2 protein chains.
Amino acid sequence: MPIEIPDVVIDRLPVYARALASLDRQGRDVVSSQELGAQLGVTPAQIRKDLSYFGRFGKQGRGYNVKRLLEELHQILGLDRKWRMVVVGVGQLGHAVLSYGGFAPQGFDIVEAFDADASVIGKQIGDLVVKPVAAMREALAGQHIDIGIVATPAAAAQQVIDALVESGVRAILNYAPIAAHVPRHVRVKDIDPVLSLQSMTFYLKSDLAHSPPK
Amino acid sequence: MPIEIPDVVIDRLPVYARALASLDRQGRDVVSSQELGAQLGVTPAQIRKDLSYFGRFGKQGRGYNVKRLLEELHQILGLDRKWRMVVVGVGQLGHAVLSYGGFAPQGFDIVEAFDADASVIGKQIGDLVVKPVAAMREALAGQHIDIGIVATPAAAAQQVIDALVESGVRAILNYAPIAAHVPRHVRVKDIDPVLSLQSMTFYLKSDLAHSPPK
DNA sequence: CCTCGATTGCGCAATTTTTCGCAAATGTAG
DNA sequence: CTACATTTGCGAAAAATTGCGCAATCGAGG
Ligand SMILES: NC(=O)c1ccc[n+]([C@@H]2O[C@H](COP(=O)([O-])OP(=O)(O)OC[C@H]3O[C@@H](n4cnc5c(N)ncnc54)[C@H](O)[C@@H]3O)[C@@H](O)[C@H]2O)c1
Ligand SMILES: NC(=O)c1ccc[n+]([C@@H]2O[C@H](COP(=O)([O-])OP(=O)(O)OC[C@H]3O[C@@H](n4cnc5c(N)ncnc54)[C@H](O)[C@@H]3O)[C@@H](O)[C@H]2O)c1
């Protein structure tokens with residue numbers, strides 16, 4: 001029964017969900033795998049196959065009901081509830097993360113923020129006050145935190161991650177440029193724009209087209 | 001001769017390069033695929049296979065010379081030269097990007113910044129002055145820009161991307177939560193923390209372990 | 001100069017992921 | 001009620017990716 005669902009499939013579902021939400025806002029009622037695929041740059045067959053891991057959500061000859069499919073995806077991904085997150089490292093990037101309006105509407109609530117630097121500790125951002133990272137264990141002891149966001153310098157990141165894991169966090173969104181080590185029950189996703197750039201340059205490099213149009 | 005190299009392989013090379021740079025800073029001279037793999041959480045066989053697309057860089061019985069392999073990877077990825085980038089959208093995130101110290105040391109230079117908002121235009125950040133996005137075409141007309149970084153709200157992102165492509169940019173680092181449409185000769189990498197979170201919750205959701213250790 | 005433990009590079013097998021192809025539904029139009 | 005244009009879900013084929021196994025090679029030590 002528990003057929004293994006590939007990670008790649010899980011990674012695509014949020015993309016489908018985002019597109020469906022957009023279609024929904026535009027008032028669209030139904031969409032075919034064909035159209036959705038064109039919009040997202042994936043093949044219709046892939047969308048249908050991905051969805052088929054979870055059930056039968058479409059109607060032959062019609063396509064998918066946008067609202068219905070969006071709800072199903074939310075349920076599948078666990079987006080039909082709130083997730084509690086903490087941010088560690090409130091520098092440039094940490095500030096941007098804390099004041100980003102894109103998390104809360106999706107059910108991702110940042111409930112604590114920590115930093116090591118005295119000039120940041122105590123600072124109020126939104127309705128959070130930055131606490132000392134040294135007191136993180138205690139601060140998190142009573143509460144249930146699902147996800148830790150790491151935005152410290154690379155040198156501090158692994159120890160911060162260890163502390164988050166100790167505190168019961170089961171997923172890490174890691175902005176620091178390191179390969180994090182975590183126990184197997186903890187998920188990690190890395191966000192590193194430099195790695196993204198460095199893989200794109202491979203293709204740019206060999207592009208012979210080189211002249212800016214005069 | 002031009003054996004097709006899988007995209008997944010290209011995506012891993014920067015990760016290897018980053019680890020090698022770290023080993024190099026630690027004064028390590030050689031490393032085996034075994035050790036590198038353990039550090040990065042990939043199998044040694046995968047590392048060897050990936051590298052074998054490009055040549056033979058190791059010595060049997062020894063492993064890889066750290067400096068040598070790092071140089072080779074830099075060459076392969078095109079990191080042995082400078083890349084010129086522009087940032088469009090200088091809000092919270094754009095600020096963090098502009099003042100991020102992690103790009104320049106890797107050869108990624110931000111040479112212009114644009115925004116639509118009068119309260120940001122003219123502002124100096126580092127040694128750049130934010131210019132009006134309306135004048136982007138003209139500002140970029142003379143120069144060769146390799147990569148565009150998009151940090152505008154979603155609603156503006158596609159038109160900004162179109163303008164960047166028009167200006168001759170061949171790669172886009174897109175922070176906006178949209179599925180960008182670009183001509184085939186343009187590369188896009190998306191950075192979207194919400195998508196990352198939304199795929200991790202799939203696994204958290206089904207985790208039965210739920211209680212924070214008292 | 002021989003032996004031995006270590007480690008690469010790579011052909012090939014195994015596994016994973018994507019794509020194909022089509023029967024079965026669905027809605028529409030006549 | 002029938003014909004028809006669509007589009008799904010899914011088994012099976014194809015393609016892509018990963019992992020295995022091992023001959024060849026390296027350096028150290030004697
Ligand atoms: N700024 C960006 O655009 C950007 C982009 C990608 C990745 N990153 C990465 O994100 C991280 C943060 O980048 P930034 O630009 O915000 O740097 P920053 O120096 O502005 O902020 C780092 C913050 O972490 C705090 N800190 C240091 N050690 C700590 C510890 N042990 N515990 C808690 N807090 C600690 C510092 O006091 C500081 O406030 C870095 O790893 C960087 O490589 C940044
Ligand atoms: N802040 C984050 O942590 C974060 C994280 C991930 C993704 N994002 C995404 O990055 C983008 C920027 O986020 P932010 O938090 O910096 O938002 P922001 O509102 O602080 O900044 C957006 C900036 O874009 C400018 N802008 C608007 N339209 C423009 C146009 N047509 N041309 C040029 N500039 C234009 C605005 O004037 C503003 O300065 C958004 O798409 C957001 O979803 C942000």
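Throughout, a chain's letter reflects where its sequence line sits, starting with A, and its residues are numbered from 1. For clarity, every value in this text was computed on a predicted model and none was experimentally measured. Hydrogens, waters and symmetry mates are skipped; everything else that's a heavy atom, side chains included, is used.
Taking both residues in full, the closest heavy atoms of A/Thr152 and A/Gly89 are given as CG2-CA, 3.8 Å, listed atom of the first, atom of the second, then distance.
Between the base of D/dG9 and the side chain of A/Arg48 there is a donor-acceptor pair shorter than 3.5 Å. A donor N or O paired with an acceptor N or O is found under 3.5 Å between the base of D/dG19 and the side-chain atoms of B/Lys49.
Rounded to whole Å, atom C1' of D/dG9 lies 14 Å from atom CG of A/Leu69. Rounded to an integer number of Å, the gap from A/Phe54 CZ to D/dG9 P is 13 Å. Computed from coordinates, the A/Lys59 NZ to C/dA23 P distance equals 23 Å when rounded to whole Å. The CG atom of B/Asp50 sits 13 Å away from the C1' atom of C/dC10 (whole-angstrom rounding). Atom pair B/Arg62:CZ and C/dG5:P shows a separation of 19 Å (rounding to whole Å applied). For A/Ile47 and C/dC20, the CD1 to C1' distance is 16 Å, given to the nearest whole Å. Counting to the nearest Å, the P atom of D/dA16 and the CD1 atom of B/Ile5 are 14 Å from each other. In this structure, the CZ atom of B/Phe57 is 13 Å from the C1' atom of C/dT8, given to the nearest Å.
Residue B/Gln34 is the one, among B/Gln34 and A/Val8, whose nearest nucleotide of DNA chain C lies closer to the 5' end (criterion: closest heavy atom). Judged by closest nucleotide on DNA chain C, B/Ser33 is the one of B/Ser33 and A/Gln60 placed further toward the 5' end.
The side chain of A/Thr43 lies closest to C/dT19, out of D/dG27, C/dT19, D/dC20. Considering only side-chain atoms of A/Ser52, the nucleotide from D/dG27, D/dC10, C/dT26 that sits closest is D/dC10.
Taking 4.0 angstrom as the limit, A/Tyr64 places a side-chain polar atom (N or O) nearer than this to OP1 or OP2 of D/dG9. For the pair A/Arg56 and C/dA25, the criterion of a side-chain N or O lying under 4.0 Å from OP1 or OP2 is not met. Considering only side-chain N and O atoms, B/Gln46 lies under 4.0 angstrom from the phosphate OP1 or OP2 of D/dT18. Phosphate contact (OP1/OP2 of C/dT17, side-chain N/O of A/Tyr53, threshold under 4.0 Å): absent.
A donor-acceptor pair under 3.5 Å links the side-chain atoms of B/Asp115 to the main chain of B/Asp117, judged by distance alone. B/Lys205 places no side-chain N or O within 3.5 Å of a backbone atom of A/Leu77 that could act as its donor or acceptor partner. For B/Arg84 (side chain) and B/His144 (main-chain N/O), a donor-acceptor pair under 3.5 Å exists by modelled atom type.
Of the N and O atoms on the side chains of A/Gln158 and A/Asp162, at least one donor lies less than 3.5 Å from an acceptor on the other residue.
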